[in-house]
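Note that the structure is a prediction, hence the values are computed from the model and not measured.
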Amino acid sequence: MSSIGSRVKELRVKKGLTQAQLGSLSGIHPTNIGRIENKDAVPQADILYLIAKNLNTSVEWLLTGVSSPPCHELLLEAALTFEKSLQTDPLLGEFYKLYQNLNDNEKHEVIRFVKFILYQKDMQTN
């Protein structure tokens with residue numbers, strides 16, 4: 001079974017870092033990096049965060065070996081989906097262009113109006 005230490009070592013080696021280099025980047029004595037990798041120590045949350053940050057991974061992955069996609073990847077996917085929708089639905093594209101020119105109060109009015117239309121539609125089908 002994989003451990004925090006084995007995952008730290010795996011990423012450290014893949015990145016071509018020595019224990020001393022990772023320790024220096026993370027503000028941790030290199031001996032402690034070795035202790036973590038050898039399962040002689042379990043890092044505290046703040047240390048784990050620094051190690052994850054410097055290995056360009058998530059604390060979740062270091063703890064479990066499983067990770068959700070990074071937030072920036074999810075945002076990029078959503079943006080690409082939205083961009084594709086704008087290209088394939090001309091009305092959505094027009095609506096979006098008009099919506100961008102509204103102030104916050106006007107945007108809230110539009111949202112309330114759309115909710116009202118959806119409510120009426122729901123009432124007609126029930």
Side-chain angles (χ1 to χ4, degrees):
M1 178 178 222
S2 186
S3 67
I4 295 170
S6 63
R7 286 186 284 278
V8 168
K9 183 174 183 177
E10 175 188 336
L11 282 183
R12 178 183 61 75
V13 169
K14 280 183 181 177
K15 294 197 174 292
L17 296 172
T18 64
Q19 289 178 349
Q21 290 169 323
L22 178 58
S24 177
L25 287 170
S26 304
I28 305 163
H29 194 278
T31 303
N32 289 333
I33 298 292
R35 291 183 68 229
I36 291 166
E37 289 182 359
N38 293 324
K39 303 178 199 171
D40 294 330
V42 176
Q44 294 178 353
D46 58 335
I47 301 298
L48 195 60
Y49 169 78
L50 292 170
I51 291 171
K53 179 180 171 189
N54 288 299
L55 291 175
N56 196 28
T57 192
S58 67
V59 171
E60 178 184 16
W61 187 83
L62 287 179
L63 288 171
T64 66
V66 177
S67 187
S68 305
C71 207
H72 66 275
E73 286 181 17
L74 295 174
L75 288 173
L76 178 60
E77 183 180 332
L80 291 173
T81 301
F82 181 68
E83 182 68 30
K84 185 177 179 182
S85 296
L86 289 175
Q87 292 171 357
T88 57
D89 185 344
L91 288 176
L92 180 61
E94 181 181 358
F95 178 81
Y96 181 68
K97 286 177 188 173
L98 295 170
Y99 185 82
Q100 286 180 308
N101 293 315
L102 301 175
N103 65 38
D104 284 346
N105 288 334
E106 293 164 336
K107 288 177 181 178
H108 287 291
E109 284 296 314
V110 169
I111 290 169
R112 280 194 288 270
F113 183 68
V114 170
K115 286 180 178 180
F116 175 71
I117 291 171
L118 293 172
Y119 172 77
Q120 283 184 323
K121 180 180 175 182
D122 187 49
M123 294 304 289
Q124 289 173 355
T125 58
N126 289 332

Heavy-atom side-chain contact between [X] and [Y] under 4.5 Å:
X	Y	value
Lys15	Gln21	no
Met123	Tyr119	yes
Arg12	Lys9	yes
Leu98	Glu94	yes

[X] [atom1] to [Y] [atom2] distance, which is reported to the nearest 0.5 Å:
X	Y	atom1	atom2	answer
Ile36	Ser6	CD1	OG	12.5 Å
Phe95	Gln100	CZ	CD	11.0 Å
Leu86	Leu92	CG	CG	5.0 Å
Ile117	Lys115	CD1	NZ	13.0 Å
Tyr99	Tyr96	OH	OH	9.5 Å
Glu83	Thr88	CD	OG1	10.0 Å

Check your understanding: Is the shortest side-chain N to carboxylate O distance from Arg7 to Glu10 below 4.0 Å?
Key ->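 Between Glu10 and Arg7 there is no salt bridge, as every charged N stays at least 4.0 Å from the carboxylate O atoms.
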Compile the donor-acceptor pairs under 3.5 Å between side chains in residues 45-57 and protein atoms, sequence neighbours left out, one pair per line.
from, atom 1, to, atom 2, distance (Å)
Asn54, ND2, Leu25, O, 3.3
Asn54, ND2, Ser26, OG, 3.1
Asn54, ND2, Leu50, O, 2.8

Review point. Would you say Gln44 has more than 12 foreign heavy atoms packed within less than 6.0 Å of its CD?
Key: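 Not more than 12 within 6.0 Å, no.
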Review point. Do you know the tightest heavy-atom contact between Ser3 and Lys39?
Key: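 Answer, listing the atom of Ser3 first, then Lys39: OG-CE, 3.2 Å.
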Keeping the roles fixed (side chain from [X], backbone from [Y]), state whether a donor-acceptor pair exists under 3.5 Å.
X	Y	value
Asp89	Ser85	no
Thr81	Glu77	yes
Glu106	Asn103	yes

Check your understanding: Do Val110 and Leu118 belong together in a cluster built from hydrophobic side chains that touch within less than 4.5 Å?
Key ->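 Cluster IDs for Val110 and Leu118 match.
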